[in-house]
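The next block holds one structure in the form of structure tokens; read it before the comments.
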Amino acid sequence: MTSRNDRAEGVLLGTAAGDALGAPYEFQPPRGAELPVEMTGGGPWEPGEWTDDTAMAIAIAEVAATGADLQDEAAQDAIVSRWHTWSLTAKDVGIQTRSVLSAAARHAPITAVAARAASADHHQRTGRTAGNGSLMRTAPVAPAYLDDEDAMVTAARAISELTHFDPDAGDAAVLWCCAIRHAVLTTELDVRVGLRHLDADRRALWTARLDDAEALRPAEIPNNGWVVAALQAAWSAIVTTRGGGPAHLRAGLDAAVRAGFDTDTVAAIAGGLLGAAYGASAVPLQWRSRLHGWPGMTARDLVGLATAIQRPGATSTGPTYAGYRTDALVTHPFDDGVLIGGIGALRKLPAEVDAVVSLCRVADADVPTGMPHVEVRLIDSVDADENPHLDHVLLDAVGAVEELRAQGRTVLLHCVEAYSRTPTVAALYGARVRGVSGDEALRAVLDVLPEANPNAVFRDAVRRLGVAT
Ligand SMILES: [Mg+2]
């Protein structure tokens, strides 16, 4: 169940990761394998900043998080209103979306009815409303309906039609949401599960399109500003890469960006589905620590928003850990620039600390201000379902400490009690710093944290991953 929550949280985070990864390369031709794809920012975009794809998806997610049924007119009014507010200051708005929103806003307040009418009018005048701009934002509709596929299908199509009248856009939103929902529920990647929701002739058409996508590489699918080609390119990026888990998420997004042209959108689309299959914990910390964007959110906020979609209306400011022994705080035996401890050390932060790596959930009030903060999803459990990508997460956490140390920062590495998670990551970090085995590093860490006792699965991981050099 916790890994299902992780996957639901991966939907929005994966969307944002693909979006920010692709943003620097938008409008460029397909990118050769010799060229890097990195979350560097570019143009108006800061490193890790997401674009319109994620911003518009967040507006949908915010309304879903209130517990509203997205099929309802009032919920769609709220979404359109939020989009319009966003569009007034946005760095980029798709041509069709801007046209529809500004026409619909002529009579304030803007409504879903007015948006739909403007979308239909745009279609009649231009004959074209099959841009990829509704598919790019559709992902959060899926986690709002994990228990009701038919309602999700209705909501996905209706929200697509708010700006994109063409049935290809609605079909694409339905197919992609069905695939995302299926991935959250089962971990399987299958874009055909939603075909049954289309009419027979449309089903045959889309089946042929999906067959085509699987026979081509993303860069071989032209015109990916068109919703059909964008879906094909995203699906091609997923099926032509592999690796499983975090490696597949990374390779799939890399391939999506290399398609060229509408890079951020193709990668955002692919990211929603890859994040659903592999979870938020599969998104590299290096990306998570950089991700940010409208409306002043970070990766942490996206996870919070996704959690709220699962438990609408429940306001939680996070765990307090009352009753735990949280006051441990010692210096790492192999690196005096790393302090290790419990969450009490975060709350009474030593003056020399200027970066924090949290291995447990922290409350909003405990988030340190004015310094880099990395939050790792690691559960102190021997159940493999709780930590579906344990090795990736452990090494990613070690990598986060190393990166912050390379920047000259003094790092607090902590969990709740420094009992199991903190000594495990501290030992793996120590093994790399000192070039000793994981066992030897763990002994040194447990000498300074005598109360600590990592669980058996974590001890195995220390042995497996901590290799003397
Ligand atoms: Mg964009």
Side-chain angles (χ1 to χ4, degrees), residues 11-31 37-61 79 82-102 129-141 159-160 162-164 169 172-173 176 218 221 223-234 237 252-275 287 290-297 299 302:
V11 173
L12 208 45
L13 199 62
T15 301
D19 186 355
L21 188 68
Y25 310 105
E26 198 182 4
F27 308 127
Q28 295 178 18
R31 208 162 168 75
V37 166
E38 279 160 16
M39 208 178 269
T40 53
W45 309 110
E46 295 164 9
E49 186 176 11
W50 58 71
T51 77
D52 56 340
D53 313 66
T54 307
M56 294 189 81
I58 286 170
I60 298 171
I79 290 170
R82 193 74 171 130
W83 285 341
H84 184 245
T85 303
W86 157 79
S87 73
L88 298 177
T89 58
K91 291 182 184 175
D92 67 330
V93 184
I95 296 166
Q96 182 181 330
T97 295
R98 180 172 308 276
S99 159
V100 168
L101 289 177
S102 57
T129 49
N132 60 26
S134 70
L135 175 60
M136 74 182 191
R137 66 183 191 226
T138 199
V141 177
I159 291 169
S160 176
L162 291 171
T163 51
H164 289 64
W176 210 249
I221 298 166
N223 191 21
N224 60 28
W226 178 39
V227 65
V228 173
L231 185 146
Q232 288 178 309
L253 294 186
D254 184 90
V257 173
R258 288 181 194 283
F261 306 107
D262 208 351
T263 48
D264 57 322
T265 293
V266 173
I269 295 165
L273 182 51
L274 287 165
W287 291 354
R290 283 165 179 72
L291 284 172
H292 68 283
W294 184 89
M297 284 188 171
L302 294 186

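When a ligand or atom number is given, it counts from 1 through the structure's own listing order.
Only protein N, O or S atoms were considered, and those under 2.8 Å from the Mg ion (ligand 1) are Thr51 OG1, Asp52 OD1, Asp53 OD1, Asp264 OD2.
Using a 4.0 Å cut-off between a side-chain N of Lys or Arg and a carboxylate O of Asp or Glu, Glu49 and Lys91 qualify as a salt bridge.
Across every non-hydrogen atom of Ala230 and Asn132, the tightest pair is CB-CB, 3.7 Å. Of all heavy-atom pairs between Leu302 and Trp50, the closest is CD1-CZ3, 3.7 Å. In this structure, Trp294 and Ile58 approach most closely via the heavy-atom pair O-CD1, 3.3 Å. Across all non-hydrogen atoms, the minimal contact from Val257 to Val37 is CG1-CG1, 3.8 Å.
When only modelled atom types and interatomic distance are considered, Arg290 and Thr40 share no side-chain donor-acceptor pair under 3.5 Å.
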